[in-house]
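What follows is a short report on a single structure.
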Amino acid sequence: MAVTKIIFLDIPTVLSVPTSPNTWKVRLTLNYKELTYGTKWVETTDIESVCKSLGIPPTSVLTDGTPKYTLPALIDNTFTPPAFLSDSTPIIEYLERTYPDPDSSRALCPPASRALHALFEYHVAHSITAQLLPVMVMHMYDKKTPRDQVHFRERTEAALGKKLEDIELKGKEREEHWKKIEGAFDLLETVMRTRSGAGELFTGPNLSLADCTLGGLLLALRYDSPDEAWMKVSSWSDRKWIRYMAALSKWTAVE
Ligand SMILES: N[C@@H](CCC(=O)N[C@@H](CS)C(=O)NCC(=O)O)C(=O)O
């Protein structure tokens, strides 16, 4: 039996699938590259202690100077010394460098595209991801494991000074907020329509780093909130996002 040398750290939920957009971004890459890997499931509550014990680096530093640890993370034991990685984009760049596809048209993030990809990530983070909490907070909470629910409630309520239930927008305000998010998705669809050639993804039929980012976000919305977020998103942009997810489905397996 082949020994699994790549260990991918992801966050469990009460579903049979993860719901973190950032971990999905790397899982899509691993599946697209057909790499053999095993998942180590780590609840959010344990990310810091597990990463420290394994030697995985933090991804940022908090205002008080404490290092912050996040998932996804990845350990690659294929080489000596092994690679210990965190942060989705650097992990994907490592996988791309270390396991390049012989067909260069299948490259996820050629070095010449890095600046455009960085701009894309910035745009999605600000126009979509940063807008989601007031309409997604309880859906996110519901899908977390019982331990992570306690951890998420404590940290989010302390950071925002409100109960989770009061962060959630209701009624007209909620619908207006969704409309704003719809506008951001429509803009992406308009831009994607300017591309010639076949395929629903950003650069055609093959995956790019931009698709890992957007695809990870769409998967998170679909699994965290099938009855609200995904119902809405799937009706937007002339049903573009249904076709987009169908194109992505080849790479969404969770072993
Ligand atoms: N820049 C990081 C961000 C990763 C991130 O924020 N991950 C979240 C899960 S989606 C996390 O690990 N949160 C743990 C925490 O906040 O303690 C990346 O792109 O990987």
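Remember, it's 1-based here, ligands and their atoms both numbered in the order they're listed. Along the sequence shown, the residues carry numbers beginning at 1.
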Between Thr13 and Ser20, does the side chain to side chain contact (heavy atoms under 4.5 Å, CB included) criterion hold? Intermediate values first, please. CA-CA 9 Å; Thr13 64; Ser20 153; over 6 Å; no

Where do Leu28 and Asn31 land on the side chain to side chain contact (heavy atoms under 4.5 Å, CB included) test, with the steps shown first? CA-CA 5 Å; Leu28 285 167; Asn31 291 344; 5.8 Å; no

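- For the residue pair Thr39 and Asp10, no side-chain donor N or O sits within less than 3.5 Å of a side-chain acceptor on the partner.
- Rounded to the nearest 0.5 angstrom, Thr98 OG1 and Ile6 CD1 are separated by 8.5 Å.
- For Arg155, a nitrogen or oxygen atom sits less than 3.5 Å from a nitrogen or oxygen atom of ligand 1, counting backbone and side chain alike.
- A cation-pi contact, defined as under 6.0 Å to the ring centre and within 45° of the axis, is absent between Arg27 and Phe8.
- Between Ser20 and ligand 1, not a single N/O pair is under 3.5 Å apart.
- With sequence neighbours excluded, no residue forms a side-chain hydrogen bond (donor to acceptor under 3.5 Å, both in side chains) with His151.
- Although no hydrogens or angles enter the test, the distance criterion places no donor-acceptor pair under 3.5 Å between the side chain of Glu43 and the main chain of Pro12.
- Remark: distances from the non-hydrogen atoms of Glu48 to ligand 1 are all 4.0 Å or more.
- Set against the non-hydrogen atoms of Pro72, the atoms of ligand 1 under 4.0 Å away are 20 (O).
- Ring pair Tyr223/Trp24 is parallel by interplanar angle, where below 30° counts as parallel and above 60° as perpendicular.
- The Thr70 neighbourhood of ligand 1 comprises atoms 4 (C), 5 (C), 6 (O), 7 (N), 11 (C), 12 (O), with distances under 4.0 Å to a heavy atom of that residue.
- Around atom CZ of Arg239, no more than 12 heavy atoms belonging to other residues, nucleotides or ligands sit under 6.0 Å away.
- When heavy-atom distances to ligand 1 are checked against a 4.0 Å cut-off, Asp87 comes that close through both its backbone and its side chain.
- Not a single heavy atom of Ile91 sits closer than 4.0 Å to an atom of ligand 1.
- In the vicinity of Asn22, heavy-atom distances shorter than 4.0 Å reach the ligand 1 atoms 3 (C), 4 (C), 5 (C), 6 (O), 7 (N), 10 (S), 19 (O).
- Contacts with ligand 1 closer than 4.0 Å are made by side-chain heavy atoms of Ile11 only, the backbone lying farther away.
- Distance from atom 16 (O) of ligand 1 to its nearest protein heavy atom, with residue and atom name: Lys68 NZ, 2.9 Å.
- Considering backbone and side-chain N/O atoms, Ser88 comes within less than 3.5 Å of an N/O atom of ligand 1.
- Looking at Ile47 against ligand 1, only its side chain comes within 4.0 Å, counting heavy atoms.
- Of the polar atoms of Leu71, at least one N or O is found under 3.5 Å from an N or O of ligand 1, judged by distance alone.
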